[in-house]
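There's a structure below that I have some questions on.
These values consider heavy atoms only, across backbone and side chains, with no hydrogens, waters or symmetry-generated copies. In this chain, residues are counted from 1 in sequence order. If you're wondering where the values come from, they're calculated on a predicted model, not measured in any experiment. Counting starts at 1 for both ligands and their atoms, in listed order.
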Amino acid sequence: MKLAARVSQVTPSITLAIAAKANAMKAEGIDVCSFSAGEPDFDTPAHIKAAAAKALDEGKTKYGPAAGEPKLREAIAHKLKTDNGLDYKAENVIVTNGGKHSLYNLIVVLIDPGDEVIIPAPYWLSYPEMVTLVGGKSIIVETDASTGYKITPEQLKKAITPKTKLFILNSPSNPTGMVYTPEEIKALAKVIVDADILVVSDEIYEKILYDGAEHISIGSLGKEIFSRTLISNGFAKGYSMTGWRLGYLAGPVEIIKAASTIQGHSTSNVCTFAQYGALTALESSQNCLEEMRQAFAKRRQVMFERLNAIPGLTCPKPDGAFYLFPDISKTGLKSLEFCNALLEAHQVAVIPGVAFGADNNIRLSYATDMATLEKGMDRLDKFVRSQI
Ligand SMILES: *Cc1c(COP(=O)(O)O)cnc(C)c1O
């Protein structure tokens with residue numbers, strides 16, 4: 001059968017391939033330590049689950065408006081105003097099937113064949129694939145540990161051409177966990193305004209911060225940057241709601257309206273009763289966020305210390321998300337070789353950096369219990385020592 005050409009241009013997810021191999025080993029009864037999770041290991045907080053169950057019981061089981069339940073759009077606009085200093089109304093917000101879908105909607109709405117999208121590497125692996133799917137061109141800008149894996153204003157400026165439409169900013173970052181400082185965000189905003197391009201700020205990890213790091217939303221820095229900003233966010237990471245598929249895109253009405261039209265002909269509304277869970281997540285106490293954050297903070301400290309005690313691995317200390325992204329180049333292995341050998345010889349699953357455009361690194365997730373963390377680090381230590 002001849003499939004559409006666009007299919008052959010998109011790469012299947014390497015993240016999923018490693019996870020599948022690790023799962024197959026587990027199914028055979030092999031004791032695998034997995035640091036591959038891209039999601040929190042906690043259950044969704046009980047009050048959020050109860051709100052969705054109640055909505056289900058009450059018959060909130062019908063089609064709703066494609067752009068989302070009006071109450072939820074309003075609550076999100078309120079959150080963006082009070083939390084992030086962004087002056088949005090409900091009409092500036094569309095509820096989507098996860099943060100991934102909000103980015104996809106945006107790219108479909110905005111990017112024509114040949115348009116350029118600037119993406120700093122290491123990047124979240126779906127960004128360039130989404131751009132490819134619509135015929136756009138990803139301009140990948142390499143960054144390294146010397147700048148904390150963050151793009152500099154000079155690098156951004158250099159990458160801009162007359163074809164540049166959009167810059168994708170992700171802070172805190174997956175896969176590096178790094179957080180841009182307010183000064184760094186300010187400097188990037190100036191380049192964006194001067195060049196008159198758009199920016200989408202993927203803020204899915206905004207609540208998962210450590211050591212007093214501050215999250216600042218680029219659109220809050222003034223009128224000029226605000227009008228050129230899109231916000232992509234969701235409930236998955238902060239509230240441990242990955243399987244719910246609940247996210248949102250916020251920005252200029254023209255873009256949100258167009259995204260609603262696209263969504264109206266593709267997925268329609270997000271699961272109606274699930275949206276009531278999200279509404280409760282926003283409107284009730286935020287203590288659950290802090291509990292999960294503190295658990296992550298402890299694990300981060302342990303994993304970071306263990307990692308830096310391994311000769312040959314180097315890793316800056318990230319201030320956000322739940323990942324560490326060490327440089328493995330001293331082992332002489334490329335990231336995929338490293339990950340396959342580690343999984344086969346020592347039963348530890350990690351994600352190869354090549355999936356994120358950084359072949360000298362691996363991504364370790366500490367969204368796992370402390371016992372697994374200690375055991376897996378023992379094994380990783382042994383493996384790396386055997387290589388160098
Ligand atoms: C997890 C993640 C998302 C979105 O996840 P959803 O489950 O679709 O809400 C977006 N961006 C990054 C960088 C992520 O890691």
Side-chain angles (χ1 to χ4, degrees), residues 13-16 19 35-42 44 48 68 72 76 79 93-108 117 119-131 133 138 140 143 149-151 166-180 199-209 215 217-218 230-250 259 263 266-267 270-271 274-275 277-278 281-282 289 292 296 318-325 351 353 355-358 363-367:
S13 166
I14 302 177
T15 323
L16 294 181
F35 297 144
S36 62
E39 61 183 337
D41 54 321
F42 311 108
T44 302
I48 299 175
L72 180 57
I76 292 168
K79 179 258 176 228
V93 175
I94 176 175
V95 182
T96 59
N97 291 280
K100 187 179 272 180
H101 187 219
S102 81
L103 291 161
Y104 185 70
N105 276 342
L106 173 65
I107 283 170
V108 168
V117 179
I119 304 175
Y123 46 75
W124 187 47
L125 68 179
S126 293
Y127 300 145
E129 303 293 349
M130 289 179 188
V131 173
L133 262 176
S138 295
I140 306 294
T143 70
Y149 297 106
K150 295 185 265 192
I151 190 171
L166 181 69
F167 165 55
I168 304 183
L169 176 65
N170 174 217
S171 176
S173 150
N174 176 6
T176 68
M178 301 308 278
V179 180
Y180 285 74
V199 56
V200 60
S201 180
D202 180 349
E203 308 191 346
I204 197 94
Y205 295 98
E206 68 166 327
K207 299 291 183 188
I208 310 179
L209 296 169
H215 169 75
S217 201
I218 190 164
L230 284 300
I231 304 288
S232 177
N233 204 334
F235 297 83
K237 307 291 162 54
Y239 295 98
S240 204
M241 290 171 69
T242 45
W244 291 59
R245 311 311 305 132
L246 263 159
Y248 51 90
L249 179 71
Q263 190 158 297
S266 48
T267 62
V270 175
C271 172
Q275 291 186 58
L282 290 179
L289 296 176
M292 292 191 266
F296 282 139
D319 286 331
F322 38 73
Y323 309 107
L324 295 176
F325 201 62
I351 307 292
F356 312 102
R363 190 193 75 179
L364 289 87
S365 155
Y366 46 89

Ile107 and Met130 have their tightest heavy-atom pair at CG2-O, 3.7 Å
Mind listing the N or O contacts between ligand 1 and protein, cut-off under 3.5 Å?
| residue | atom | partner | partner atom | Å |
| --- | --- | --- | --- | --- |
| ligand 1 | 7 (O) | Arg245 | NH1 | 2.7 |
| ligand 1 | 8 (O) | Gly99 | N | 3.1 |
| ligand 1 | 8 (O) | Lys100 | N | 2.9 |
| ligand 1 | 8 (O) | Arg245 | NH2 | 2.7 |
| ligand 1 | 9 (O) | Gly99 | N | 2.7 |
| ligand 1 | 11 (N) | Asp202 | OD2 | 2.6 |
| ligand 1 | 15 (O) | Asn174 | ND2 | 2.8 |
| ligand 1 | 15 (O) | Tyr205 | OH | 2.7 |
| ligand 1 | 15 (O) | Lys237 | NZ | 3.0 |

What heavy-atom pair brings Pro172 and Ala321 nearest, and what distance separates the two atoms? CB-N, 3.9 Å
Regarding Asp202 and Tyr127, do their side chains bring together a donor and an acceptor under 3.5 Å, going by distance alone? yes
Is the Tyr104 ring parallel, tilted or perpendicular to the His101 ring (thresholds 30°, 60°)? parallel
Are a donor atom and an acceptor atom from the side chains of Ser232 and Ser102 found within less than 3.5 Å of each other? yes
Salt bridge between Glu206 and Lys79, side-chain N to carboxylate O under 4.0 Å? yes
